[in-house]
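All ligand and atom numbering here is 1-based and tracks the order in the structure. Positions are given from 1, in the same order as the sequence printed here. Excluded from the calculations below are hydrogen atoms, water molecules and symmetry mates; all remaining heavy atoms, backbone and side chain alike, are included.
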Amino acid sequence: MMAVEQLCNTETDNDVSARHIKQITATKFSRAVAGYAEHANVQKRSADDLFAKVKSHATGICLDLGAGPGVNTARLQVLFGTTIAFDLSFDMLKHSQARTAICADMDALPLLDKSVDCIFSNFAVQWSQNLPHLLKELYRVLKPGGVIYLSCVVDGSLAEIKTAFNKVDSQSHVNKFHTLVQLQQYISAAKLDISSLNQTCYQDSYESPMAALRSLKAIGATNQLSQQKRKGLMTKHRLQQVCAAFPLVNERAIVSYQVAIMELKKI
Ligand SMILES: C[S@@+](CC[C@H](N)C(=O)[O-])C[C@H]1O[C@@H](n2cnc3c(N)ncnc32)[C@H](O)[C@@H]1O
C-alpha cells in the first residue's frame, strides 16, 4: 500500500506559475535519483540509438541537456574535449560526477551565442514549457556546423496508461506530448537542418499494472495523477480500478514510449 500512497501523494501542477512547475519538476527528478537507473531502461535504449549517430571524430564542447544522473555525460566525456552536464535538478547533477555542470532551466539557457560544438539530449526536451523557443535557443548557442543529437518523447506515448484510465473516467491522466509533425515544424522554424529523424517505439514490461504506473515517476508523468489526488478523486479504490483496467500482454503490463530520434545540424 506504500506504493499506492506515494503515487497519490504528490503536489498538483494545476493553476501554478511556470516557476512553480519547474520547482515541482526539479523536486520530482531529485527524488527519483536513487531509483532512476532501475526505471530508465527505455531511456538507455534511446540513448544508445543516439550514440550510434555520434561521429567517432567528435571534438570540442558538448552540452548534455537534461543530463539527469549523468549516464550519458560519462560516455560523452570520453568523446569530447569538454562535456557540460546541464540539468534543472541539483541532486541529479550531484549524482552525475560530471567534471563540468550547470544547474539551470533549459527554457532560460544561460549560454553564449555560438559557444558549443555539439548538443546531446536524451529524453529531456519534452519537459520544456516552450519547445519551439528552446529549439531556437539551441540554434543560437550552437557554433555553425554544430550538431544536435536529440530524442524527444512524442504524442502516442503511454497509450496503455490512457486506456486504463479511460475505462475509469473520461479525463486525461498523462502528460500531453507534441506530435511528430509539430516537432518538425518547430525544427524548421528554428532553422535547424534535419540530417535524420525517425520515430521509434520503445517498450518497458512490468510484472503488474501498479509497477507500470509507478514507472511514470521516472519521467515525471504523475502530474495528472497528482491533480486527481488534490481534488480527492484519485482514491486507492480508483487506482485499483485503473490497475484492473490496464491492458495486459502475456500477463505483463507494457508501457510504450513513442520517441523521435534526431540528428540536427546548424548549417
Ligand atoms: C528522463 S530524465 C533523462 C536523463 C538523461 N538524459 C537520460 O538519458 O537518462 C529528464 C531530465 O531532464 C531534466 N529536466 C526537466 N526539465 C528541465 C528543465 N526545464 N531544464 C533542465 N533540465 C530539465 C530532469 O531534471 C531530468 O534529469
Side-chain angles (χ1 to χ4, degrees), residues 10 13 16-54 62-77 83-98 101-111 116 118-135 137-138 141 148-154 157-158 174-178 200 202 204 214-223 255 257-262:
T10 50
D13 298 340
V16 291
S17 68
R19 190 157 154 244
H20 192 191
I21 289 174
K22 303 286 180 182
Q23 282 168 352
I24 291 168
T25 304
T27 304
K28 279 180 182 173
F29 278 106
S30 291
R31 283 189 190 139
V33 174
Y36 184 82
E38 189 193 331
H39 290 283
N41 302 317
V42 157
Q43 285 85 342
K44 277 181 213 141
R45 278 155 47 207
S46 158
D48 283 345
D49 286 344
L50 280 184
F51 272 110
K53 294 178 182 295
V54 178
C62 178
L63 177 71
D64 185 2
L65 189 68
V71 188
N72 306 320
T73 310
R75 290 174 74 178
L76 291 165
Q77 281 178 168
T83 299
I84 304 166
F86 186 107
D87 206 283
L88 191 62
S89 158
F90 186 66
D91 289 307
M92 281 282 186
L93 288 175
K94 264 200 305 193
H95 198 82
S96 78
Q97 298 181 333
I102 298 175
C103 186
D105 180 3
M106 65 171 84
D107 289 326
L109 219 51
L111 294 170
V116 302
C118 175
I119 297 166
F120 184 99
S121 183
N122 184 50
F123 249 83
V125 296
Q126 68 277 352
W127 282 103
S128 167
Q129 298 294 304
N130 190 344
L131 189 52
H133 176 71
L134 172 60
L135 287 163
E137 281 292 280
L138 297 188
V141 302
I148 306 177
Y149 302 102
L150 182 68
S151 76
C152 178
V153 180
V154 294
S157 297
L158 308 176
V174 296
N175 286 358
K176 221 169 161 5
F177 299 105
H178 296 284
T200 306
Y202 299 97
D204 254 338
R214 245 184 270 136
S215 80
L216 284 184
K217 283 196 161 197
I219 64 157
T222 49
N223 295 359
V255 177
Y257 298 88
Q258 298 290 341
V259 183
I261 300 284
M262 296 163 270

Mutual orientation of the aromatic rings belonging to Phe29 and Trp127 [parallel < 30°, tilted 30-60°, perpendicular > 60°]: perpendicular

With only distance considered, is Phe29 within less than 3.5 Å of ligand 1 through an N or O on each side? no

Has Ser121 got a side-chain atom pairing as donor or acceptor with Leu65's backbone, closer than 3.5 angstrom? yes

Nearest 0.5 angstrom please: Gln43 CD to Asp48 CG, how far? 12.0 Å

Within ligand 1, which atoms have a heavy atom of Asn72 less than 4.0 Å away? 6 (N), 7 (C), 8 (O)

Within a distance under 4.0 Å of any heavy atom of Asp105, pick out the atoms of ligand 1 and give their elements. 18 (C), 19 (N), 20 (N)

Do any N/O atoms on Met106 end up under 3.5 angstrom from N/O atoms on ligand 1? yes

For the atom pair CG (Leu109) and CG (Leu134), what is the distance rounded to the nearest 0.5 Å? 7.0 Å

Any N/O pair Asp87/ligand 1 closer than 3.5 Å: yes

Please check whether Thr25 reaches ligand 1 - meaning an N/O of the residue sits under 3.5 Å from an N/O of the ligand, judged on distance alone. no

Under 4.0 Å to a heavy atom of Gly68 - the qualifying atoms of ligand 1, by number: 4 (C), 27 (O)

Quick one: which ligand 1 atoms are inside 4.0 Å of a heavy atom on Lys22? 19 (N)

Nearest 0.5 Å, what's the CD1-CG distance between Ile148 and Leu138? 5.0 Å

Got an N/O contact under 3.5 Å between Asn122 and ligand 1? yes

Any nitrogen or oxygen of Asp64 lying under 3.5 Å from a nitrogen or oxygen in ligand 1? Just yes or no. no

Rounded to the nearest 0.5 Å, what separation is found between the NZ atom of Lys28 and the CG atom of Leu88? 12.5 Å

Between Tyr149 and Phe51 (judged by ring centroids, cut-off 6.0 Å), do the two rings come close enough to count as a pair? no

Checking side chain to side chain contact (heavy atoms under 4.5 Å, CB included) against Leu63, which of Thr83, Leu76, Ile119 comes through? Ile119

Taking atom CD as the centre, does Gln23 end up with more than 12 heavy-atom neighbours from other residues, nucleotides or ligands that are less than 6.0 angstrom away? yes

Would Ala104 count as a contact of ligand 1 if the rule is a heavy atom under 4.0 Å away? yes

State which residue, out of Thr73, Asp105, Ile102, Leu93, fulfils the side chain to side chain contact (heavy atoms under 4.5 Å, CB included) condition with Asp87. Leu93

Does at least one non-hydrogen atom of Ala67 fall below 4.0 angstrom from an atom of ligand 1? yes

Taking distance alone, with no angle check, do Gly66 and ligand 1 share an N/O pair under 3.5 Å? yes

For ligand 1, which atoms, with element, lie under 4.0 Å from some heavy atom of Ala124? 12 (O)

Proximal atoms of ligand 1 relative to Met92 (non-hydrogen, under 4.0 Å): 27 (O)

Could you tell me which atoms of ligand 1, counted from 1 in the order shown, lie closer than 4.0 angstrom to a heavy atom of Phe123? 1 (C), 2 (S), 3 (C), 10 (C)

